[in-house]
Colleague: 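Take this structure, written in structure tokens, and hold onto it; I'll ask about it next.
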Number of protein chains: 2
Amino acid sequence: MANMNDVARRAEVSLSTVSHVVNGTRNVEPKTRQRVLDAIQATGYRQDVLARAMRRSRTDSIGLVVSDAGEPAFAEMVHGVEHAAVQHGLTLVLANSAEDAEREERAVHTLLDRRVDGLILARSAATAPGLLGTLTGSKAPVILLDRVFPELPFDQVGVDSRDAMQRLVMHLVNAGHKRLALVAGDQRVPTLRERLDGFWDGVRRARLDPAEQTVLEKTDPDTRAQLEKMLEEDIFSALIASSTPLATLALEAVQGGRRVVGGDLAFATFDGFNHPDLFEPRITTVRQPAFDMGVTAVRLLVDRLESRDANPRTVRLQQQIELRDSTERIQLA
Amino acid sequence: MANMNDVARRAEVSLSTVSHVVNGTRNVEPKTRQRVLDAIQATGYRQDVLARAMRRSRTDSIGLVVSDAGEPAFAEMVHGVEHAAVQHGLTLVLANSAEDAEREERAVHTLLDRRVDGLILARSAATAPGLLGTLTGSKAPVILLDRVFPELPFDQVGVDSRDAMQRLVMHLVNAGHKRLALVAGDQRVPTLRERLDGFWDGVRRARLDPAEQTVLEKTDPDTRAQLEKMLEEDIFSALIASSTPLATLALEAVQGGRRVVGGDLAFATFDGFNHPDLFEPRITTVRQPAFDMGVTAVRLLVDRLESRDANPRTVRLQQQIELRDSTERIQLA
DNA sequence: CTGTTAGCGCATTCAT
DNA sequence: ATGAATGCGCTAACAG
């Protein structure tokens, strides 16, 4: 492969002129410039990204650690990050932590060692002992994506789950429901906690009787059976799932309990399936704007790269409630 | 950041000894070795991946270009590639071509310029004029994933679509169907072509009347209306979709034509939805082993890296037919 | 407007 | 078993 020296010799100019032509970093007389361009053409020269990165201490790349590549919502986030990265001339280096704290820490180190200019952590467990120190000590700025930890000093992107859940509850109440059930999931996860908060916000705001509401926080093997029992006892008329895996659980319980969604049982879920329109009935979902979240994370990162010591920002994207039949056709006694 | 020189000075050894200790590239007396290790500990030294890569002309990274990040099947492939890459000590650089030939070419150049050690192209359009030359001329080996182009001189990974489709047809025939319909999609795509071939294989093998079979190759706006018309005319009893987008189209047509899957109409699709069990009825799918495909691509790549001039290999993974209610409960008149 | 020069941090060859 | 010296290809002072 031809290098800058080859080009310089051929164009009969100095090394630095070639560099400046390639990077447009200083004025070069049109004639000289053209000679260089011709030499580049003739030699098939391509800039050595590695040498350049080493010299400038910048790789023009960003790292993304996701906790579950393979999950559709993540695919969309990755997609959004990649999309925005390319637009800023950045390349994306991807790592997967598989929801494992130790692997997350290794992934972070790998990417940092690769000297990515910035790092995005999507749905970080942030639980490995050394990780937090690594992150705060990192020269490359860090952005937290999806899970918001208010106490941490990073730029962050999340959704306004609390508000969305409250709006969903209000909608169900307006449709005539007075006894709701929420499959709330693991309350150590910030997002799921926010959704539970939003649930009670809605209950309060709608002046429902709190004693008549049902909340399931566990997800152990019994949960499904428990739920099936409640379904048989008919202690609620509307069922909400706080995430897609929880929705799967809930729907299986509904089928197991020989109940049908949309008849006398309303159903809604967060984060959305891939083809909610193809279910019968079509399922009301509160979708995560995953692509936009990815794009936003990159925006925060680029901003941060430009002004290192601005205050950390947390951006919350609004979630759209996509109303469909599963909460609409309700006929209450 | 401390560099090797700092470590060398502190351990009172030479630069090269430090290098050899770090990389284990030559024998070092245990005592010396320990001094170096201590100095590394004390300085918090981390190897500079960039300088190392430049010096060795190897980045220990691989590039992956996908044509639609965001699509669940791809998420799984990416996942598989990442998983296998990490196991081989390789980092993954990801780019998306968005099914656009020009962007695909740009992505390939970007990754090659980053000096990835190898490149995997998932569902390549391979249609940009210059791309093929770039690929064959690339110093980094290239693996084609998902779409197999028999005439190209690369290692390739695909599925045995033709065989899977034939098996699916046989199954439907055994369930009593004699008039089938296939939404076959764009026949310029190798995979979709193979599936159509498999369809006719099955028809022939089952001795069905070819004139009674229906194949829709287009996917323009009319296709859905066309399909709805056929559904009303009841010219087939089993409907197969060759891919997930085609399945969406087909199911919309079924609903538009006020027909119900599973009653008198069997339905099956390739590549699978995410939650086929939650549909009513549960949908028979021929799933792509996407994760394994990703893993296999990395294996081929690593093999290739070790023996540059072995003959190109094409690996075809078998597809599993996941039989569910949509093809089972059929009661024919 | 252009050229000369000095490293960036490391792996590696050649000596000892 | 260890060290000294070289250069990978580039950018950015500095000098003219």
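In what follows, chains are A, B, ... by sequence order, proteins preceding strands, each numbered from 1.
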Colleague: Contact class for B/Met4 (heavy atom, under 4.0 Å): base, sugar-phosphate, or nothing?
Modeller: sugar-phosphate

Colleague: Return the set of residues passing ring-ring contact (aromatic ring centres under 6.0 Å, His included) with A/Phe291 (not counting sequence neighbours), or none when no residue passes.
Modeller: A/His79, A/His83

Colleague: Between A/Arg56 and D/dT11, does any side-chain N or O lie under 4.0 Å from OP1 or OP2?
Modeller: no

Colleague: Atom pairs under 3.5 Å, N or O on each side, protein against nucleotides 5-7 of chain D: can you list them with distances?
Modeller:
residue: D/dG7; atom: N2; partner: B/Arg55; partner atom: NH1; Å: 3.0

Colleague: Taking 4.0 Å as the cut-off, does a side-chain nitrogen or oxygen of B/Thr32 come that near to OP1 or OP2 on D/dT2?
Modeller: yes

Colleague: I'd like to know if the side chain of A/Asn23 pairs up with that of A/Arg52 as donor and acceptor (distance under 3.5 Å, no hydrogens or angles considered).
Modeller: yes

Colleague: Suppose we screen for side chain to side chain contact (heavy atoms under 4.5 Å, CB included). Which residues come up paired with A/Ala73, at least two apart in sequence or across chains?
Modeller: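 Only A/Glu71, A/Gln288 meet the side chain to side chain contact (heavy atoms under 4.5 Å, CB included) criterion with A/Ala73.
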
Colleague: For C/dC1 and A/Thr17 - does any side-chain N or O of the residue sit under 4.0 Å from the phosphate oxygens OP1/OP2?
Modeller: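 False: A/Thr17 side-chain N/O out of range (4.0 Å or more) of C/dC1 OP1/OP2.
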
Colleague: For nucleotides 14-16 of chain D, list the nitrogen or oxygen atoms of the protein found under 3.5 Å from its nitrogen or oxygen atoms, one pair per line.
Modeller:
none

Colleague: Would you say B/Asp155's side chain and B/Ile143's backbone share a donor-acceptor pair under 3.5 angstrom?
Modeller: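 A pair under 3.5 Å: no.
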
Colleague: Just to verify, what does B/Arg147 make a side chain to side chain contact (heavy atoms under 4.5 Å, CB included) with, not counting sequence neighbours?
Modeller: B/Glu99, B/Arg123, B/Phe149, B/Val189, B/Pro190, B/Thr191

Colleague: Does a side-chain N or O from A/Ser19 land closer than 4.0 Å to OP1 or OP2 of D/dT11, or not?
Modeller: yes

Colleague: Can you sort out which residues in residues 5-12 of chain B have a heavy atom within less than 4.0 Å of DNA chain C? Ascending by number, please.
Modeller: none

Colleague: Look only at the side chain of A/Thr17 and the backbone of A/Val13, and say whether a donor-acceptor pair between them is shorter than 3.5 Å.
Modeller: no

